[in-house]
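Predicted model, so just to flag it, every value in this text is computed and none were measured. What you see below is based on every heavy atom in this structure, not just the backbone, and it leaves out hydrogens, waters and symmetry mates.
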Amino acid sequence: MTPEPAPRTSRPAAVLRKPFTADTWKRVAYALSALPVGLLCLPLALLGGPADRVQRGLARALLGVEVEAPERAGPARGLAHAALSLPLNLIAALVTVYGWSLVPMNFGYPLRPDAHPETDWGGPTLAGAWLTHAVPGGVTFLLLMPWIGQGLAALQGRLVVALLGAGGGRGPAVAGALLTAAVGGALAWPILHQL
């Protein structure tokens, strides 16, 4: 007799549950901590410290990325990862902060000091303006940010494996990280001008 397969979760249910999973919030924690840890690892590696172990440990703890340490581990790998991951980590942190901050900002529209329902989208009533902000802004970003975070975390994890692990594949991982950082920087320009 074969065991019964586990019940499958429907895709809509999985999408709706994704913002509330531990994995999503571990990725958020990694996106927010990878930049300061990387910045601290620059001088640590220059002083000959265990920057590579610190960065592998952070990826293991928050992303679940198991990286086998190379036979000849040393400060050079930690320095390379800390320096080359900085642009990607900066973009990941900015996207994470900006995207997740849009969720409470739009759900909490009536509490915002800059809320003017009579002239804002969805006005002239408070209910109309709130609905117009909460659904497209709040719900959309609540459901979208876990997937964006998953993509950024996958790139960050590949970079950890490529630069701090025993295997190869450094070129594609570094190129992908730098390309993502360049695209993110180009997209950040209009957003910064909007603020």
Side-chain angles (χ1 to χ4, degrees), residues 5-40 58-59 61-65 85-160 175-195:
R8 291 184 50 137
T9 306
S10 68
R11 284 203 188 268
V15 169
L16 293 175
R17 226 181 354 262
K18 188 123 174 122
F20 308 103
T21 64
D23 283 343
T24 293
W25 292 102
K26 283 182 177 182
R27 288 185 196 106
V28 168
Y30 187 83
L32 298 177
S33 60
L35 180 63
V37 168
L39 287 171
L40 290 173
L58 182 66
L62 295 177
L63 297 180
V65 174
S85 68
L86 275 178
L88 178 60
N89 291 342
L90 176 63
I91 292 299
L94 291 174
V95 166
T96 299
V97 168
Y98 181 74
W100 280 108
S101 70
L102 290 175
V103 175
M105 185 173 71
N106 283 300
F107 279 130
Y109 169 80
L111 304 174
R112 290 174 28 189
D114 65 338
H116 302 289
E118 59 280 351
T119 58
D120 286 349
W121 289 358
T125 66
L126 178 61
W130 188 9
L131 186 64
T132 302
H133 283 81
V135 173
V139 172
T140 300
F141 278 92
L142 179 68
L143 298 176
L144 190 62
M145 284 309 298
W147 300 101
I148 292 171
Q150 185 174 338
L152 289 169
L155 285 170
Q156 289 172 305
R158 280 192 209 122
L159 199 57
V160 168
L178 294 177
L179 179 64
T180 302
V183 169
L187 293 174
W189 186 255
I191 291 171
L192 289 174
H193 282 282
Q194 178 186 2
L195 301 176

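Applying the side-chain hydrogen bond (donor to acceptor under 3.5 Å, both in side chains) definition to pairs two or more places apart or across chains, those involving residues 24-34 are T21-T24. Contacts classified as side-chain hydrogen bond (donor to acceptor under 3.5 Å, both in side chains) and involving residues 127-148 (residues at least two apart or in different chains) are not found.
Taking CG of L86 as the start and CD1 of I91 as the end, the distance is 11.5 Å to the nearest 0.5 Å.
Residues P146 and P19 approach most closely at CG-CA, 3.6 Å, considering heavy atoms. Residues A92 and A31 approach most closely at O-CB, 4.0 Å, considering heavy atoms. Smallest separation of non-hydrogen atoms from M145 and G99: SD-CA, 3.5 Å. The minimum heavy-atom distance between G128 and T125, with the atom names listed, is N-OG1, 3.1 Å. In terms of heavy-atom proximity, L32 sits nearest to A93 at CD2-O, 4.3 Å.
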Sequence neighbours left out, cut at 3.5 Å: what donor-acceptor pairs do the side chains of residues 100-108 make with other protein atoms?
{"from": "S101", "atom 1": "OG", "to": "V97", "atom 2": "O", "distance (Å)": "3.0"}
{"from": "S101", "atom 1": "OG", "to": "Y98", "atom 2": "O", "distance (Å)": "2.8"}
{"from": "N106", "atom 1": "ND2", "to": "L102", "atom 2": "O", "distance (Å)": "2.9"}

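When the side-chain contact (heavy atoms from CB on, under 4.5 Å) test is applied to L90, the partners found at least two apart in sequence or on another chain are L35, L94. The side-chain contact (heavy atoms from CB on, under 4.5 Å) test applied to P87 returns L178, A181, not counting sequence neighbours.
Residues L88 and Q156 form a side-chain contact, since some pair of their non-hydrogen atoms from C-beta on lies under 4.5 Å apart.
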